[in-house]
Asker: 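Please see the structure below; I have some questions.
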Amino acid sequence: MEAQLCSRIRQESFALVEEKGKMGKKRKHSEANVAEPPKKDSDAPERPKRTLLGWKDPTPTETKEIESSSPIFRNKEKVLVTCSRRISYRYRHLMLSIVSLLPHAKKDNKVESKESKGATLNELVELKNCSSCLFFECRKQKDLYLWMAKCPNGPSVKFMVDAVHTMEELKLTGNHLKGSRPLLTFSTNFDKDPHWKLLKEMITQIFGTPKEHRKAKPYHDHVFAFSLADDHIWFRNYQISVPHNESDKVDRGGLDKITLVEVGPRFCLNPIKIFGGSFGGPTLYENPFYISPNEIRALKKRKAAGKYAKKVKAKTRRKMHELENPLEADEFADMWKE
């Protein structure tokens, strides 16, 4: 009996081993014949973008932009605003008010006003990743000059700044939101000469806020007015005041109820020279009617010195007249003397 049981156990164990071998072979065979995952078709549509509110399907405009191979233009205009050393407080306040009006402006430290300031400013503009520069140069703590330049290739303009009135000084009633995009308006006589056309284009590029700038608000509530009179550019800043009462709401196209309230600052730009490069280069235009403030002060001193010279000449003339025409002796002059 024991021998029969042992032989049965051996037969069953051999049968189990054979079955295990067959199962292993089948597994290997099945793994070898596993189908590979299908490759992604290059023509398949892309997965939609995921946003905070869910999946976003591309709009028709975005699909057109993706399909078109031409690059999309985006205005990346940035303006570096800086000044020279030893600038007076009024001119510094004017510079700060302009920085507050331009959300795409970058303020930097003061620069020494020397002959090599052009190279220094071009390097600063490149380091700050800007494309334009407004440089306020103060001389003798009296005269303010404004350099307006497109860097690094030009052109650039040098202005004499007159009739400066800052926001703190005027205290006007107008008020607009900081960072909102301005509307630029120009008088019609900007198109009469080529140098005025060039200045208009430069002002448009520098003072116009880019459309999708990260610090700019997406609406307009104030106006930059550039008026040309007596060969000077006069700058004014106005708030667009619209009534918000339900009875006084403005309909589309109804501009009668809209008013302009001045905000400030005020200044006047007298162009001196237009250069072909950035802060220098060949002279494209020179103002024939410009008189430097040093010459004006010298003329005033000469005029004041002329008054004193006239007084001295009058005294000498009076003495010569008295010597040439002496008075006759009075015979009654000593009558009442003892």
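Along the sequence shown, residues carry numbers from 1. Everything quoted here is computed from the prediction, not taken from an experiment.
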Asker: Which heavy-atom pair separates G277 from P282 by the least distance, and what is that distance?
Answerer: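 Minimum heavy-atom separation between G277 and P282: N-CD, 4.4 Å.
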
Asker: Decide whether F275 and L269 are clustered together by the hydrophobic rule: side chain heavy atoms of Ile, Leu, Val, Met, Phe, Trp, Tyr closer than 4.5 Å, transitively.
Answerer: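 In one cluster: no.
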
Asker: For a side-chain contact (heavy atoms from CB on, under 4.5 Å) check, start with the C-alpha distance between V81 and L96, then their side-chain angles and the critical distance, and finish with the verdict.
Answerer: CA-CA 9 Å; V81 182; L96 293 175; over 6 Å; no

Asker: Closest heavy-atom contact between V263 and N175?
Answerer: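 That would be CG2-N, 3.9 Å.
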
Asker: Would you call D162-R266 a salt bridge at under 4.0 Å N-O?
Answerer: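 No.
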
Asker: side-chain contact (heavy atoms from CB on, under 4.5 Å), that's the test. Do E112 and R86 meet it? Break it down for me.
Answerer: CA-CA 9 Å; E112 191 66 39; R86 294 172 294 276; 2.8 Å; yes

Asker: Measuring from atom CG of D143 to atom NZ of K140, what distance do you get when rounded to the nearest 0.5 angstrom?
Answerer: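 One gets 7.0 Å once the value is rounded to the nearest 0.5 Å.
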
Asker: Assess, by modelled atom type and distance only, whether the side chains of H220 and S180 contain a donor and an acceptor separated by less than 3.5 Å.
Answerer: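 Short answer, no.
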
Asker: Please report the closest heavy-atom contact between T166 and P265, naming both atoms and the distance.
Answerer: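 Closest approach of T166 to P265, heavy atoms only: CA-CB, 4.1 Å.
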
Asker: Do I203 and L102 belong to the same hydrophobic cluster, where Ile, Leu, Val, Met, Phe, Trp and Tyr are linked whenever their side-chain heavy atoms lie under 4.5 Å apart, directly or via other members?
Answerer: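 Same cluster: I203 reaches L102 through Ile, Leu, Val, Met, Phe, Trp or Tyr contacts under 4.5 Å.
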
Asker: Apply the test side-chain contact (heavy atoms from CB on, under 4.5 Å) to residues I291 and I296: give CA-CA distance (whole Å), side-chain angles for both, the deciding distance (0.1 Å), then the verdict.
Answerer: CA-CA 7 Å; I291 301 173; I296 294 171; 3.9 Å; yes

Asker: Cation over ring, K158 on Y145, under 6.0 Å and within 45°?
Answerer: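 Ring-cation test returns yes.
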
Asker: Just wondering, do R302 and L299 contact through their side chains at under 4.5 Å, heavy atoms?
Answerer: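 L299 reaches R302 side chain to side chain.
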
Asker: Please check if V111 and M148 belong to a single hydrophobic cluster, counting links between Ile, Leu, Val, Met, Phe, Trp and Tyr side chain heavy atoms closer than 4.5 Å.
Answerer: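 No, separate clusters.
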
Asker: L184, L146: one ILVMFWY side-chain cluster at the under-4.5 Å cut-off?
Answerer: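 The answer is yes; both residues are in one hydrophobic cluster.
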
Asker: Quick check: are there more than 12 heavy atoms from other residues, nucleotides or ligands sitting under 6.0 Å from CG of D330?
Answerer: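 Check passes, neighbour count above 12.
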
Asker: Salt-bridged, K197 to E201, with N to O below 4.0 Å?
Answerer: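 Answer for the salt bridge query: no.
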
Asker: Applying a strict under-4.5 Å side-chain criterion to I, L, V, M, F, W and Y, I'd like to know whether L121 and V157 cluster together.
Answerer: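 As far as the 4.5 Å side-chain criterion goes, V157 and L121 are not connected within one cluster.
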
Asker: Under the side-chain contact (heavy atoms from CB on, under 4.5 Å) criterion, do C83 and Y91 qualify, and how do the steps go?
Answerer: CA-CA 9 Å; C83 63; Y91 299 150; over 6 Å; no

Asker: Can you find a pair of side-chain heavy atoms, one from V223 and one from I240, that are under 4.5 Å apart?
Answerer: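 Side chain of V223 against side chain of I240, heavy atoms only: contact under 4.5 Å found.
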
Asker: Please give me the minimum heavy-atom distance between L170 and G264, naming the atom from each residue.
Answerer: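 Minimum heavy-atom contact is CD1-CA, 4.3 Å.
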
Asker: What's the spacing between L198 CG and L284 CG if we round to 0.5 Å?
Answerer: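 Answer rounded to 0.5 Å: 7.5 Å.
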
Asker: Where the side chain of T120 meets the backbone of S116, is there a donor-acceptor pair that is under 3.5 Å apart?
Answerer: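 Checking the backbone N and O of S116 against the side chain of T120, a donor-acceptor pair under 3.5 Å is found.
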
Asker: With distance as the sole test, does D221 use its side chain to make a donor-acceptor pair with the main-chain N or O of L177 at under 3.5 Å?
Answerer: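 Confirmed, D221 side chain pairs with L177 backbone.
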
Asker: Examine distances only and state if a side-chain atom of S187 and a backbone atom of L228 form a donor-acceptor pair shorter than 3.5 Å.
Answerer: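 Yes; at least one donor-acceptor contact below 3.5 Å.
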
Asker: Should T82 and F136 count as side-chain neighbours, where that means a heavy-atom distance under 4.5 Å?
Answerer: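 Not touching, per the 4.5 Å side-chain cut-off.
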
Asker: Can you confirm if the NZ or CZ of R236 lies within 45° of the ring axis of F224 and under 6.0 Å from the centre of its six-membered ring?
Answerer: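 Verdict for F224: no cation-pi partner in R236.
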
Asker: What class does the angle between the rings of W234 and H232 fall in, given that below 30° is parallel, 30 to 60° is tilted and above 60° is perpendicular?
Answerer: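 The arrangement is tilted - the two ring planes meet at 30° to 60°.
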
Asker: Return the set of residues passing salt bridge (Lys or Arg N to Asp or Glu O under 4.0 Å) with K107 (not counting sequence neighbours), or none when no residue passes.
Answerer: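 Counting only residues at least two positions away or on another chain, K107 forms no salt bridge (Lys or Arg N to Asp or Glu O under 4.0 Å).
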
Asker: Rounded to the nearest 0.5 Å, how far apart are OG of S156 and NZ of K150?
Answerer: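 Rounded to the nearest 0.5 Å, the OG-NZ separation comes out at 12.0 Å.
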
Asker: Would you say that K78 contacts N129 through its side chain, given a criterion of any heavy-atom pair below 4.5 Å between the two side chains?
Answerer: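 Yes - at least one pair of side-chain heavy atoms lies under 4.5 Å apart.
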
Asker: According to salt bridge (charged side-chain N to carboxylate O under 4.0 Å, His left out), does anything in residues 168-186 pair up with another residue at least two apart or in another chain? List the pairs.
Answerer: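 Residue pairs passing salt bridge (charged side-chain N to carboxylate O under 4.0 Å, His left out), neighbours aside: R90-E169.
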
Asker: Quick one, L134 and I206 - any side-chain contact, counting heavy atoms below 4.5 Å?
Answerer: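 When only atoms from C-beta onward are counted, I206 and L134 do touch, with a gap below 4.5 Å.
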
Asker: Give me the ring orientation class for F279 and W147: parallel if the planes are under 30° apart, tilted from 30 to 60°, perpendicular past 60°.
Answerer: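 It falls in the tilted class, 30° to 60°.
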
Asker: Specify whether F207 and F235 have parallel, tilted or perpendicular ring planes, treating 30° as the upper limit for parallel and 60° as the lower limit for perpendicular.
Answerer: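 Rings of F207 and F235: tilted, as their planes differ by 30° to 60°.
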
Asker: So K110 and I87, do their side chains get closer than 4.5 Å, heavy atoms only?
Answerer: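 They are in side-chain contact.
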
Asker: Which pair of non-hydrogen atoms, one from V125 and one from S131, has the smallest distance, and what is that distance?
Answerer: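 Minimum heavy-atom contact is CG1-N, 4.3 Å.
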
Asker: Please name the pair of heavy atoms, one in T209 and one in P182, separated by the smallest distance, quoted to 0.1 Å.
Answerer: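 The pair with the smallest heavy-atom distance is OG1-CD, 3.3 Å.
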
Asker: Would you compute the distance between atom CZ of F190 and atom CD1 of I233 and round it to the nearest 0.5 angstrom?
Answerer: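 Going from CZ on F190 over to CD1 on I233, the span is 4.5 Å.
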
Asker: Got D231 and F289 here, is their nearest side-chain heavy-atom distance under 4.5 Å?
Answerer: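 Of all side-chain heavy-atom pairs linking F289 with D231, at least one is under 4.5 Å.
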
Asker: Any donor-acceptor pair under 3.5 Å linking the side-chain atoms of S132 with those of Q205?
Answerer: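 S132 and Q205 do not have a side-chain donor-acceptor pair below 3.5 Å.
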
Asker: If you define the side chain from C-beta out and look only at heavy atoms, does anything of E137 sit under 4.5 Å from S113?
Answerer: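 With C-beta onward as the side chain, the pair touches.
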
Asker: Charged N to carboxylate O below 4.0 Å: is that the case for E212 and K76?
Answerer: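 Looking at E212 and K76, the cut-off is not met.
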
Asker: Can you tell me how far the CG atom of L144 sits from the CZ atom of F267, to the nearest 0.5 Å?
Answerer: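 Spacing of CG (L144) from CZ (F267) equals 10.0 Å.
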
Asker: Return the CG to CD distance between L80 and E126, rounded to the nearest 0.5 Å.
Answerer: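 So the CG of L80 and the CD of E126 are separated by 12.5 Å.
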
